[in-house]
Amino acid sequence: MARPTFSQKVKYEKELKRDLAAEVVATPGGEKIFSCLQCGTCGSACPVSVYMDYTPRRLIGMVREGFKDEVITSFAIWLCASCYECTVRCPAGIRVTEVMYALKRIAIREGIYPRHFPVPVLAKEFIEMLKGTGRNNEFWLVLRVLLKTAPMKLLTSWPLGLRLWRRGRMCLTASRIPKAANADLLRILDSIESQGAGERHTAAPGSSPLARDEQPACGPPAKAA
Amino acid sequence: MAYTYFPGCCMHGFARHCQDSLYAVFNALGLELRELKDWNCCGATTYIAVDEYQAFALGARNLAMAEKLGLDLVAPCTACFMILKKTKDYLARYGDLREKIDTALATVGLRYEGKVEILHPLEIILRDVGVKGLKAKVKRPLRGWNVAPYYGCLIARPYALSEGFSLEAFDEFVPALGANLIDFELKARCCGGSLTGTVEEVGHRLVYILLHQAKLAKAHALVTVCPLCQLNLEAHQGKIKRQYGDDVTIPIPYFTQLIGMALGLSEKALGLEKLLVPLDWDVGEKVFAAREPAAA
């Protein structure tokens, strides 16, 4: 995949695309990107940051400053495997994984990704299949993604498929939900679509605790009223 | 106790053996599973990369249907488990998201109130049966076995486990089965998820790190609690061996398969023959005999 290159190190105000940060802030979990300390905890916790062109810390910095093109064309957003290490460790409470999802969404919506790159193709095929049968079948999903991204890979990946099939772990007929239930599911998804993007989220105080230690309050004690 | 069972797509597909063993073990422990009728895919971590609201609607439909049944919901796939927990959390915290989802669910006559509890089978076994209870039911202790438990990401991240549970607490089920617990340092490190299929050079490296570490720790089996980790860790061992020149062959049983073995259930009921890397029942006995010849 072609790596983005900076043609200039500095951007002038009018070249910045500030709407990117607004969209990320409107994502549940992305509200706090302006509290980012740029400490780099996310990148050091991330198991795949060593393969990224920009670390998560840098991506958040670039999102805030409006470096949209660099962010959206980066390889890093497609590498995130949703392990949530960054999210539970971020001292500023930024749900970095949700920020990554938001960036993937923007890239997919705007059609900015290499044509045969499997991650966005997988996402699209996954959804198409889900809408068709209500569930996913790995055999057809993998087959469709491979055909669209790297048909030659079928030559090297069929032995695994065969081994799974021989053990009764590869189902050629998809597990599907009844027609009526599938129609219900589609009605729900359509209803969401027709309601539009709507207003930005407002978060109420957390209900399910994140897997992390409580952090002590910092700063001077609050004055009694 | 009876539970509503949310299999998720994998349990109906490549993880049939995990499902076989889950039913067998729950049955042996006197726990009942009732599959949620007409469940749909939870959207995994994939749907949200295209549309976040629809992704939450997928989880909400399942939760609303489960709520009607009034039982706790069991999700043995940790991705489904996390997604359903996340849906519950976000619907409780984001008012406008909740409004949208409620409107959408109402079009098909469903209503979600936020009452249903989502649990992983490991939590249920340790909560309802307990470590002592499990130990009492062991018929064929896995003596001599070095077992490294591997939990992966999503069972404990981003959401904390139910109260009183931590990964350290989970580790106790291994000695209860009579096996030696290997304190596996990478127990919560990522296996790469779908990267093993999409960006192989990265995905395989992540799997290799885990397998290599398990071998270094002299584990005879690396036991998982997630069907996707299970597939990832066992399916690419051959390729990894060729690529890194390191023999990382190690069986990767799902945790209910291991529990079932100790409970004395049959190999077929536990789907052991469906593992890609076969599990040799005699491994532990040989080690045990070498260590304590008199007792053996």
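Letters go in sequence order (proteins before strands), and every chain restarts at 1. All heavy atoms count here, side chains included; hydrogens, waters and symmetry mates do not. It should be emphasised that the depicted structure is a prediction, and the values quoted were computed from it without experimental measurement.
Of the two parts of A:Ile188, the backbone and the side chain both hold a non-hydrogen atom closer than 4.5 Å to a non-hydrogen atom of chain B. Contacts of B:Ala188 with chain A are made by backbone atoms alone, with heavy-atom separations under 4.5 Å and no side-chain atom involved. At a 4.5 Å heavy-atom cutoff, the contact between A:Arg135 and chain B is made by backbone and side-chain atoms alike. Heavy-atom distances place the side chain of A:Glu98, and not its backbone, under 4.5 Å from chain B. Looking at B:Leu276, the atoms closer than 4.5 Å to chain A (heavy atoms on both sides) sit in the backbone and in the side chain alike. At a 4.5 Å heavy-atom cutoff, the contact between A:Leu79 and chain B is made by backbone and side-chain atoms alike. The contact between B:Ala235 and chain A is made by backbone and side chain atoms together, counting heavy-atom distances below 4.5 Å. If you measure heavy-atom distances from B:Ile48 to chain A, the contacts under 4.5 Å come from both the backbone and the side chain. Both the backbone and the side chain of B:Val50 come within less than 4.5 Å of a heavy atom in chain A. Within the 4.5 angstrom heavy-atom criterion, atoms from both the backbone and the side chain of A:Ser82 approach chain B. For a residue to count as touching a neighbouring chain, one of its non-hydrogen atoms must lie under 4.5 Å from one of that chain's; by this rule B:Lys37 does not touch chain A. Interface remark: A:Leu160 contributes side-chain atoms only to the contact with chain B (heavy atom separation under 4.5 Å).
Most heavy-atom pairs under 4.5 Å with chain A, from the set B:Leu105, B:Thr103, B:Leu231, B:Leu206: that is B:Thr103. Each of A:Lys104, A:Arg187, A:Glu138 has some count of heavy-atom pairs under 4.5 Å with chain B, and the biggest count is that of A:Glu138. Between chain B and the options A:Leu164, A:Asp190, A:Asn137, the largest number of non-hydrogen pairs under 4.5 Å is found for A:Leu164. The candidate with the highest count of non-hydrogen atom pairs below 4.5 Å against chain A, out of B:Arg61, B:Lys274, B:Lys86, is B:Lys274. The candidate from B:Gln54, B:Met82, B:Glu99, B:Arg189 with the greatest count of non-hydrogen atom pairs under 4.5 Å with chain A is B:Gln54. For the set A:Leu130, A:Thr97, A:Leu103, A:Val48, the count of heavy-atom pairs under 4.5 angstrom toward chain B peaks at A:Leu130. Here A:Tyr84 is the residue among A:Phe139, A:Phe126, A:Tyr101, A:Tyr84 with the most heavy-atom pairs under 4.5 Å with chain B. Among A:Ile127, A:Ile177, A:Asp184, A:Thr156, the residue with the largest count of heavy-atom pairs under 4.5 Å with chain B is A:Ile127. When each of B:Cys190, B:Gly193, B:Gly13 is checked for heavy-atom pairs under 4.5 Å with chain A, B:Gly13 comes out on top. Heavy-atom pairs under 4.5 Å with chain B peak, among A:Pro178, A:Ala180, A:Ser191, A:Ala150, at A:Ser191. With chain A as partner, the option from B:Ile209, B:Val199, B:Leu110, B:Leu161 having the largest number of non-hydrogen pairs under 4.5 angstrom is B:Val199.
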* To do: Let me see the working for B:Arg205 and A:Tyr51 under side-chain contact (heavy atoms from CB on, under 4.5 Å), right down to the final yes or no.
  => CA-CA 11 Å; B:Arg205 181 91 197 184; A:Tyr51 299 98; 3.0 Å; yes
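Between B:Cys153 and A:Glu85, the closest side-chain pair of non-hydrogen atoms is not below 4.5 Å. Considering only heavy atoms from C-beta on, A:Leu185 comes within 4.5 Å of B:Leu58 through its side chain. Taking the side chain as every heavy atom from C-beta outward, A:Asn182 and B:Asp38 never approach each other to under 4.5 Å. Using a 4.5 Å heavy-atom threshold, the side chains of A:Cys171 and B:Arg16 count as touching. With a 4.5 Å cut-off on side-chain heavy atoms, B:Glu52 and A:Pro28 count as touching.
Within 6.0 Å of CD on B:Glu163 lie no more than 12 heavy atoms contributed by other residues, nucleotides or ligands. With a 6.0 Å radius and a threshold of 12 heavy atoms from other residues, nucleotides or ligands, B:Lys239 has its NZ atom above the threshold. The number of heavy atoms from other shown groups lying within 6.0 Å of CZ (A:Arg109) is above 12. Counting heavy atoms of neighbouring residues, nucleotides and ligands inside a 6.0 Å radius, atom NZ of A:Lys32 does not exceed 12 of them.
Ion pairing of A:Arg167 with B:Glu234 is absent here, as no side-chain N (NZ or NE/NH1/NH2) approaches a carboxylate O to less than 4.0 Å.
Between B:Cys9 and A:Asn136, the closest heavy-atom pair is SG-N, 3.2 Å. Closest of all the heavy-atom pairs between A:Ile108 and B:Ala49 is CD1-O, 3.5 Å. Across all non-hydrogen atoms, the minimal contact from B:Ala57 to A:Leu189 is CB-CD2, 4.4 Å.
When atom types are taken as modelled, the side chain of A:Arg169 and the backbone of B:His17 share no donor-acceptor pair closer than 3.5 angstrom.
With values rounded to the nearest 0.5 angstrom, A:Ser175 atom OG is found 13.0 Å from B:Met11 atom CE.
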